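Below you'll find the structure, written out as structure tokens, and then a few comments.
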Amino acid sequence: MHHPTLMKNYGPPAFDAVRGEGVYLYDSIGKRYLDFGSGIAVTSVGHSHPKWVKAVQDQAATLSHCSNLYGIPGQQKLADRLVQKAGPGRVLFCNSGAESNDALIKLARLHGRNLSGGEEAKRYSVVAAEDAFHGRTFGGMAATPQEKIQGGFRPMLAGFKFGQLNNIESFDKLVDDTVAAVFIESIQGEGGIFPAEDSFLQELRALCTERGALLMLDEVQCGIGRSGHFFAFEKSGVKPDAIGMAKGLGAGFPIGAIWAAEPYAELFQPGSHGTTFGGNPLACAAANATLDIIEEDSLLEHITANSKIWHAALQGLVEQYPQHIASMRGVGYMVGLALHADSSAVTTAARDKGLLIVPAGHNTIRLLPALTATLEELAAGTRILGKVFAELSA
Ligand SMILES: *Cc1c(COP(=O)(O)O)cnc(C)c1O
């Protein structure tokens, strides 16, 4: 049932969540769930990780907010760390994935103006992908060509065109002299876990360089370690011009960020963009603690090693239950099982058995465990899924 004073933009909840610990979430009647949704790829170091809790508590007791009128040491440190990972450039902080993407779209507009000799509204198009998801703001919606996202909210922001992920010819046709940027998810999340192929990213990089368009990658869901690399595009060897981040960055504290390479990082100048909350001391303390945990606990290596075994076990389910599961897709701790039918029966049955998973496009269920999840915890999730498919087959 919907709460009487909350708007009904989300479905009615199945339970009230009150506590989390590691990979487990507890509801208000004390039932424990293995959480393979992680608040939609957010609680990257698990719920209430002691180091994260201490960092947030200490910062809250010291200084939570001061605005960007003043320098924020934790923000500077976090920017240094992201630049170290992404490459020479600069970082701008905001509060969510959609806001990151709006900032990227604004960056593309400034780039387009420069390409047009300072003239505005001439070269401003952005080429994104069909089946993409970039968020619910007017910028994010415009880049998300799904009726369920855009319906009721038209007219959309102008200047968006759509190619097919992993089809370089479709982008080749669209990237003309009206285009300021190409913008795609390195791994499509909401669309159903579709990774951009390495060769596609490499060809897209070459295409963008040749035509002067920025290559902007949305790493809001797949970034910050989830793929087993800090950024999911890394394994392709491609260097993008700009990156959007959010979900896993604060591990439960809202924070978003964009990174842009030099010289594009200089496009934003005093007054050109900003947010009151963006990169405040509390958010940056949470994000710095998250990066500390990823580094100190060698979580990238942990994910790379564990996911081989986990993926093989999930592939076993695909082979055991071909009447229900069409295929497994994904990288690291970001996996989708494509089903033959709507995913809601599986999601509900898994929840009843104590496993939380997230539906995605194209009849897919998404498995997004905390980056800290152990092999035993991954195996426990696979066992519950096995029971769900066994019962569906009975
Ligand atoms: C979730 C998501 C967004 C939107 O992030 P919000 O924080 O919900 O605004 C944008 N892009 C991708 C790839 C996402 O997964």
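What you see below is based on every heavy atom in this structure, not just the backbone, and it leaves out hydrogens, waters and symmetry mates. What you see is a predicted model; the values in this text were computed from it and never measured. Index from 1, following the sequence. In each ligand, atom 1 is the first atom listed, and ligand 1 is the first ligand listed.
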### Message
Evaluate F171 against F200 for ring pair (Phe, Tyr, Trp, His ring centres under 6.0 Å), listing each step before the verdict.
### Response
CA-CA 10 Å; F171 278 80; F200 174 72; 5.5 Å; yes
Only heavy atoms of [X], strictly under 4.0 Å: list the atoms of ligand 1 that pass.
X    : answer
S96  : 7 (O), 9 (O)
H134 : 10 (C), 11 (N)
N101 : 10 (C), 11 (N)

May I ask you to identify the nearest protein heavy atom to [atom], giving residue, atom name and distance to one decimal place in Å?
atom                    : value
atom 1 (C) of ligand 1  : K247 NZ, 1.4 Å
atom 11 (N) of ligand 1 : D218 OD2, 2.8 Å
atom 9 (O) of ligand 1  : A98 N, 2.8 Å
atom 6 (P) of ligand 1  : G97 N, 3.5 Å

Report, one line per pair, each donor and acceptor closer than 3.5 Å where one atom sits in a side chain of residues 107-120; sequence neighbours left out.
from	atom 1	to	atom 2	distance (Å)
R109	NH2	A158	O	3.4
H111	NE2	G212	O	2.7
S116	OG	G112	O	2.9

### Summary
At under 4.0 Å between heavy atoms, what of E185 touches ligand 1? The answer is side chain
### Message
What I want to check is whether the side chains of D27 and Y33 have a donor and an acceptor closer together than 3.5 Å.
### Response
yes
### Pi-cation contact, Y333 with R226 (under 6.0 Å, within 45°)
no
### Task
Answer yes or no: does atom NZ of K173 have more than 12 heavy-atom neighbours from other residues, nucleotides or ligands under 6.0 Å?
no
### Task
May I ask you to say whether D241 pairs ionically with R205, meaning some side-chain N is under 4.0 Å from a carboxylate O?
yes
